[in-house]
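Below, all heavy atoms of this structure are taken into account, side chains as well, without hydrogens, waters or symmetry copies. Just so it is clear: chains get the letters A, B, ... in the order the sequence lines come, proteins before strands, and each one is counted from 1. Remember, it's a predicted structure, so these values are computed and weren't measured experimentally.
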2 protein chains.
Amino acid sequence: MASPTEENYLKALFNLKDEEGKVSISELSSTLEVSMPTANSMVKNLLKKGLIIYEKYKPIELTEEGKKMAALVIRKHRLTEMYLAEKMGFGWEEVHDIAEQIEHINSPIFFERMDKLLNHPKIDPHGSPIPNAQGIIADLKHKPLNEHKPGDAVKLAALAHSSTEFLDFLNSRNLKLGTEINVISVEPFDGSMVVSYNDRKSEGLSAKVCERLLVEFL
Amino acid sequence: MASPTEENYLKALFNLKDEEGKVSISELSSTLEVSMPTANSMVKNLLKKGLIIYEKYKPIELTEEGKKMAALVIRKHRLTEMYLAEKMGFGWEEVHDIAEQIEHINSPIFFERMDKLLNHPKIDPHGSPIPNAQGIIADLKHKPLNEHKPGDAVKLAALAHSSTEFLDFLNSRNLKLGTEINVISVEPFDGSMVVSYNDRKSEGLSAKVCERLLVEFL
DNA sequence: GTATTTAGTTAGATTGATATAACAAATGTT
DNA sequence: AACATTTGTTATATCAATCTAACTAAATAC
Ligand SMILES: [Mn+2]
Ligand SMILES: [Mn+2]
Ligand SMILES: [Mn+2]
Ligand SMILES: [Mn+2]
């Protein structure tokens with residue numbers, strides 16, 4: 001079985017591939033906050049276990065087996081986040097740090113029970129898809145808000161990144177998954193947008209925020 | 001902070017003291033399923049950290065600080081067991097193994113939330129007391145069933161040991177916490193008892209079972 | 001196209017948790 | 001009391017996960 005450390009590496013490799021395409025040793029080491037030699041030696045270890053494909057100085061790739069294991073760790077993480085939010089009343093900004101630890105619990109019945117109690121949720125509290133028990137992840141291909149134009153009416157469906165700071169920001173603006181947003185204008189200079197939602201007639205959102213808000217058409 | 005390994009040692013020291021009085025290296029090593037040199041070196045480590053009192057060849061004792069830390073780990077364990085049983089529908093025979101892992105999660109808000117959602121439970125699913133947040137444990141001084149005599153009417157309040165096998169046995173006899181038991185007779189030869197409870201008019205229980213059933217007078 | 005910078009690797013050390021082998025102390029038995 | 005058994009200790013080794021220092025390959029800049 002994979003140790004907690006190995007699970008964290010697999011998860012990081014999976015997520016970085018999604019976000020950045022190719023994955024390098026330096027990205028891995030900074031993501032996991034370890035030194036490059038540490039990441040390098042774990043990469044050799046994962047290679048030996050057949051979970052990645054790797055040649056010196058080349059990008060790191062997960063094998064099919066590695067992908068599946070990564071997806072199952074991500075499943076444990078996201079199910080936990082959903083459980084914490086839905087059944088224990090935690091805010092979406094609180095769940096990640098706890099899930100980062102609980103994802104390493106080795107107990108299939110525990111996570112199956114969460115899944116059942118939650119009625120087999122498809123997404124976590126940040127709108128990210130929960131892989132199924134076979135390690136298959138739905139691709140929910142939402143578009144970021146900044147790709148929309150004035151007049152578009154959309155619904156907040158997910159977040160591209162979900163740092164605590166960003167989630168606190170969204171809380172302060174009362175933005176939640178499901179919030180219906182109308183695009184009023186786009187500032188060509190800096191890509192910021194003016195939108196309305198709920199009873200807020202005119203809210204300015206920076207380009208950085210708009211890129212991270214993943215929405216679907218209404 | 002204490003590592004998961006250190007937490008397991010503290011917990012074992014605390015529980016063994018309760019069950020056996022003095023705690024030796026060999027008891028510790030067999031309880032934790034490690035070699036004696038391993039237990040010996042961890043004892044040195046805990047000594048250095050001021051969590052135990054120890055002199056070569058003498059019994060091991062927890063310091064006040066060690067006792068408090070042990071009690072807080074036990075609190076996390078028993079709160080988790082109660083949460084799993086009450087909120088997630090696990091049987092009392094399923095909760096220990098999961099709690100053995102979750103007890104090492106480092107997140108005060110997580111365990112405080114469990115405590116709150118459970119309405120500050122005083123006991124775990126096996127009737128053992130849950131230490132409070134200050135590390136104080138109530139002494140519920142129940143007596144084992146085998147110390148009772150024919151004619152006594154008692155209520156099952158806790159279990160002296162709670163191995164999966166024993167819990168499976170109790171399930172098979174439909175014995176639960178709260179079950180009201182009437183002592184019909186005691187066999188002087190082997191200490192076995194005949195009792196009645198619910199609609200069972202005459203159930204034989206071995207001495208071994210009767211020692212482990214902790215009851216209170218009705 | 002050489003020089004500089006960045007990224008990656010190797011070597012070597014450390015720490016925590018574990019083990020086995022060998023020996024020593026304490027305890028139990030006759 | 002002597003011997004045998006059990007318990008505990010020390011010495012030494014391994015393994016996973018980490019680090020720093022030194023070096024090398026690749027990428028970028030000029
Ligand atoms: Mn998360
Ligand atoms: Mn993690
Ligand atoms: Mn337990
Ligand atoms: Mn444990």
S.K.: Give the ring-plane orientation class for B:His126 versus B:Trp92, where under 30° counts as parallel, over 60° as perpendicular and anything between as tilted.
M.R.: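 Plane angle under 30°, so parallel.
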S.K.: Measure the spacing between CD of B:Gln101 and CD1 of A:Ile105 and express it to the nearest 0.5 Å.
M.R.: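 Reported value, rounded in 0.5 Å steps: 4.5 Å.
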S.K.: Specify the separation, in whole Å, of atom NZ of B:Lys48 and atom C1' of C:dT15.
M.R.: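 Taking NZ of B:Lys48 and C1' of C:dT15, I get 10 Å after rounding.
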S.K.: Compare every heavy atom of A:Lys22 with every heavy atom of A:Pro59, then report the nearest pair and how far apart it is.
M.R.: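 For A:Pro59 versus A:Lys22, the nearest heavy atoms are CG-CD, 3.6 Å.
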S.K.: Using a 3.5 Å distance criterion without hydrogens, assess whether the side chain of B:Ser30 forms a donor-acceptor pair with backbone atoms of B:Glu27.
M.R.: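 A pair under 3.5 Å: yes.
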S.K.: Between P on D:dG8 and CG on B:Leu28, what's the gap in Å once rounded to a whole number?
M.R.: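 Taking CG of B:Leu28 and P of D:dG8, I get 10 Å after rounding.
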S.K.: For A:Met42 and D:dT18, give me the distance from atom CE to atom P, rounded to whole Å.
M.R.: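 Rounded to whole Å, this separation is 6 Å.
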S.K.: So, is A:Ser35 near the phosphate of D:dT18, with a side-chain N or O under 4.0 Å from OP1 or OP2?
M.R.: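 Checking A:Ser35 against D:dT18: no side-chain N or O falls below 4.0 Å of OP1 or OP2.
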S.K.: Taking atom P of C:dT15 as reference, at what distance in whole Å does atom CG of B:Asn45 sit?
M.R.: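 B:Asn45 atom CG is separated from C:dT15 atom P by 13 Å.
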S.K.: How does protein reach along nucleotides 7-13 of chain C, written 5' to 3' as B (base within reach of a heavy atom under 4.0 Å), S (only sugar-phosphate), or - (no contact)?
M.R.: -BBB---
S.K.: So what does B:Thr5 hit on the nucleic acid, given a heavy-atom distance under 4.0 Å: a base, only sugar-phosphate, or nothing?
M.R.: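 B:Thr5: backbone/sugar contact only, no base atoms under 4.0 Å.
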S.K.: Side chain of B:Tyr9, heavy atoms from C-beta onward: which of D:dA17, D:dC19, C:dT18 has the nearest atom to it?
M.R.: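 So the side chain of B:Tyr9 is nearest to C:dT18.
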S.K.: Using the ring of A:Phe111 (Phe, Tyr or Trp, six-membered ring only), decide whether A:Arg75 places NZ or CZ under 6.0 Å from its centre and within 45 degrees of its axis.
M.R.: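 Checked: cation-pi criterion not met.
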S.K.: Heavy atoms under 4.0 Å, any strand shown: does A:Ser41 hit a base, just sugar-phosphate, or nothing?
M.R.: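 Result for A:Ser41 = base.
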S.K.: About how many Å separate CD of A:Glu55 and CG of A:Leu47, when rounded to the nearest 0.5 Å?
M.R.: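 Reported to 0.5 Å precision, the distance equals 9.5 Å.
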